[in-house]
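Single-structure report; data block below.
Just follow the structure's listing: the first ligand is 1, and inside any ligand the first atom is 1. Since the structure is predicted, the reported quantities are computational estimates derived from the model, not experimental observations.
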Amino acid sequence: MERLKLCLLSSEIVPYAKTGGLADVAGALLPELKRLGHDVSAFMPLYAAVRRSRPDLLPVDGLQDVNLRIASTTYVFSLWRALFPGTDIPVYFVDCPSLFERASLYTFDPDEHRRFLLFTRAAIECTVRMGGVPDIFHCNDWHTAFAPLLLRTVYAASSELARARSVLTIHNIGYQGIMPASALEDLGLGAAVARLDAGDLGAGIINPLKTGIKFADMVTTVSPTYAREICDTPLGMGMQQILRERLNPVVGILNGVDYGEWDPRCDSHLAVHFSAAELDGKQANRLELREVTGLGVGPEVPVISMVTRFAEQKGIDILFDALPALLATRAFGFMALGSGDDRYVAFFDELAQRFPGQAAFRAAYDESLAHLIEAGSDMFLMPSRYEPCGLNQMYSLRYGTIPIVRRTGGLADSVEHFDPATGSGTGCVFNDYDAPAVRWAVGTALDLFDDRPLLSRLMQNAMAQDFSWKRQTRLYEEVYGLAMAAARSA
Ligand code: ADP
């Protein structure tokens, strides 16, 4: 394929700033696209935390103290640059202290939409001023979802930008960035306000993600099943129709795994390594996990774990009845690592108190412990209500830790229910979003644990799976090709 000039716009990129899967995808795609021979660059905001941890950023000449007006406010921003680790890919940081010098990446401040509108516009305008307008702006989630409309309206008269195409990737359609219609002036659309969704404006809102879905040349999301779910089921969270009306349908591309970080053969967080051929090391990790977490169950008793954000999406609600009943009747240990909503923290706290030594809970974000949990557990539970892609089930497969997942989104695309009759499959998959279904799936997994030959087959199947980025990057490349060729509706 011809060499493309690609510019990724993302509100977070590993290793600079991360709150979720978006950062992982961005950080993995950049070097892989470069490896395929494309000319790649990226933009992200210069958050306070990034400024503190990256004293080595270099100022970009000619792009210091630039004025950019949003409605009646003039913001001043500067551009800084770093090279993405191990590559010569430039990553540009939009520095606007009045907007990004805050305690967290995302806020509930009234100017939240302005923070990302300024970021998006600054990024687009900087590519012009640096003489490096890309063939494609690859936007991600609501934060940069106004770029496609801006390119077709405000910037359409620019000779440099007129030919630039846009791709929008939806990492989670639950976050749409909805803002009040009173912010209309901030968009600076002039007569092009007519392109916004009239129904939304009438209802007093503007929906950035919906705007991106409507005007991007191509839209992707992070698994094929989620792509179908957001078009055809309530999981589209109101976006079903606008997605279905697109000239080019939404494309689902499963996220890849960074096996440099997540491989039991070389995981830097583990004291003892192991592989499918040499499984002894998993036992050492089992013992260490018990020691670190205070789980008192013997080494012959399986441990089921969870590592997750505590959000409604993750399906913890259906565990409220199921888990205590299972712990009371079956022999297994349970470990949860996570942080977020108080009611889930309270649930796991109470569980650990009610089943001392059998259930453990760590309320934290702990990267190192997450690796030990993958290595030292026997099963990994993801009962998600919805899951655009999910990464932990793919990590679990590689660590021989049997995933127990609900059939939704990326979980459905990466775990196949094990069939003892044929010996094919990689985990336990359940359909219904309710307590009986999760009880069935956990019970089935525990039964398999007691049948050593079957368990061994299942673990070998799991560990043989390959979800590396190489294949997936080719699929993004195809999408870029389609965006270049896309006819435009309006
Ligand atoms: P989401 O982006 O919806 O949170 P993903 O499964 O795509 O879900 O990605 C979550 C990532 O964050 C995984 O790498 C997971 O291991 C990590 N993670 C989530 N919660 C924690 C935690 N409490 N401690 C350590 N890592 C966590």
Side-chain angles (χ1 to χ4, degrees), residues 10-15 17-29 105-106 140-143 169-175 221-223 225-226 229-230 235 237 252-264 267-270 289 292-293 305-316 335-342 344-345 348-349 360-377 380-399 401 403-406 408-415 427 467 469 472:
S10 183
S11 58
E12 46 186 273
I13 303 175
V14 158
K18 168 176 170 176
T19 68
L22 162 59
D24 290 319
V25 176
L29 259 187
L105 269 57
Y106 307 120
N140 292 276
D141 282 348
W142 75 264
H143 311 93
T169 296
I170 302 167
H171 298 262
N172 188 334
I173 212 160
Y175 301 90
T221 189
V222 291
S223 69
T225 295
Y226 193 58
E229 288 171 340
I230 60 176
L235 292 183
M237 312 231 174
I253 303 176
L254 197 70
N255 286 340
V257 170
D258 179 355
Y259 288 121
E261 267 291 303
W262 293 93
D263 186 331
D267 188 325
S268 60
H269 297 273
L270 302 184
L289 180 65
V292 166
T293 58
S305 295
M306 293 181 75
V307 177
T308 189
R309 278 187 302 122
F310 287 166
E312 200 198 341
Q313 171 203 337
K314 299 296 179 180
I316 300 163
M335 168 68 203
L337 166 66
S339 54
D341 285 6
D342 289 345
Y344 302 127
V345 173
F348 287 115
D349 255 338
F361 171 45
R362 190 72 60 85
Y365 190 97
D366 185 335
E367 193 94 26
S368 217
L369 183 55
H371 284 252
L372 178 61
I373 287 175
E374 285 293 2
S377 302
F380 196 94
L381 180 59
M382 296 180 77
S384 304
R385 193 166 75 79
Y386 71 94
E387 194 64 75
C389 177
L391 291 169
N392 275 109
Q393 80 281 11
M394 294 190 275
Y395 302 156
S396 299
L397 289 167
R398 185 45 69 101
Y399 286 73
T401 299
I404 305 169
V405 304
R406 184 160 168 267
T408 183
L411 300 175
D413 293 328
S414 54
V415 183
F467 292 101
W469 268 105
Q472 307 312 89

Practice prompt. Examine distances only and state if a side-chain atom of S223 and a backbone atom of P388 form a donor-acceptor pair shorter than 3.5 Å.
Written response: yes

> Going by distance only, is there an N or O of G20 that falls short of 3.5 Å from an N or O of ligand 1?
Replying inline: no

query = Does N392, backbone or side chain, put an N or O under 3.5 Å from an N or O of ligand 1?
reply = yes

With sequence neighbours left out, the residues meeting salt bridge (charged side-chain N to carboxylate O under 4.0 Å, His left out) with R406 are none

Assess, by modelled atom type and distance only, whether the side chains of Y399 and D263 contain a donor and an acceptor separated by less than 3.5 Å.
no

Notebook entry, point to check: For F348 and F310, what are the C-alpha separation, side-chain angles and deciding distance, and is it a ring pair (Phe, Tyr, Trp, His ring centres under 6.0 Å)?
Noted result: CA-CA 11 Å; F348 287 115; F310 287 166; 5.3 Å; yes

Across all chains, not counting sequence neighbours, the side-chain hydrogen bond (donor to acceptor under 3.5 Å, both in side chains) partners of E12 are T19, Y106

Quick look: D366 vs ligand 1, heavy-atom contacts under 4.0 Å, and the answer is backbone

Query raised in the report: Is there at least one protein heavy-atom neighbour under 4.0 Å from atom 10 (C) of ligand 1?
Result: no

Atoms of ligand 1 under 4.0 Å from any heavy atom of T308, numbered from 1 in the order shown, are 20 (N)

One finds that the ligand 1 atoms under 4.0 Å from a non-hydrogen atom of L391 are 5 (P), 6 (O), 7 (O), 9 (O)

For L337, the atoms of ligand 1 under 4.0 Å from one of its heavy atoms are 23 (N), 24 (N)

Candidates Y395, Y365, Y386; heavy atom nearest atom 27 (C) of ligand 1 found on Y365

Q.
Main chain of N140, side chain of S10: is a donor-acceptor contact present, judged purely on distance under 3.5 Å?
A. no

Q393 versus S414, side-chain donor and acceptor atoms under 3.5 Å: yes

Atom 2 (O) of ligand 1: closest protein heavy atom, distance to 0.1 Å, is G21 N, 3.0 Å

of all protein heavy atoms, closest to atom 8 (O) of ligand 1 is K314 NZ, 3.3 Å

(Q) When you measure from the side chain of D267 to the backbone of W262, do you find a donor-acceptor pair of N or O atoms at a distance under 3.5 Å? (A) no

Closest heavy-atom approach to atom 4 (O) of ligand 1 among R309, E374, M394, Q393 is made by R309

min-distance protein heavy atom vs atom 23 (N) of ligand 1 -> A364 O, 2.8 Å

Quick note on ligand 1: atoms under 4.0 Å from a heavy atom of G338 include exactly 23 (N)

Set out, in order, the CA-CA distance, both residues' side-chain angles and the distance that settles side chain to side chain contact (heavy atoms under 4.5 Å, CB included) for V292 and L369, then state yes or no.
CA-CA 9 Å; V292 166; L369 183 55; 4.0 Å; yes

Fill in: contact_flag G390 ligand 1 heavy-atom lt 4.0 Å
yes

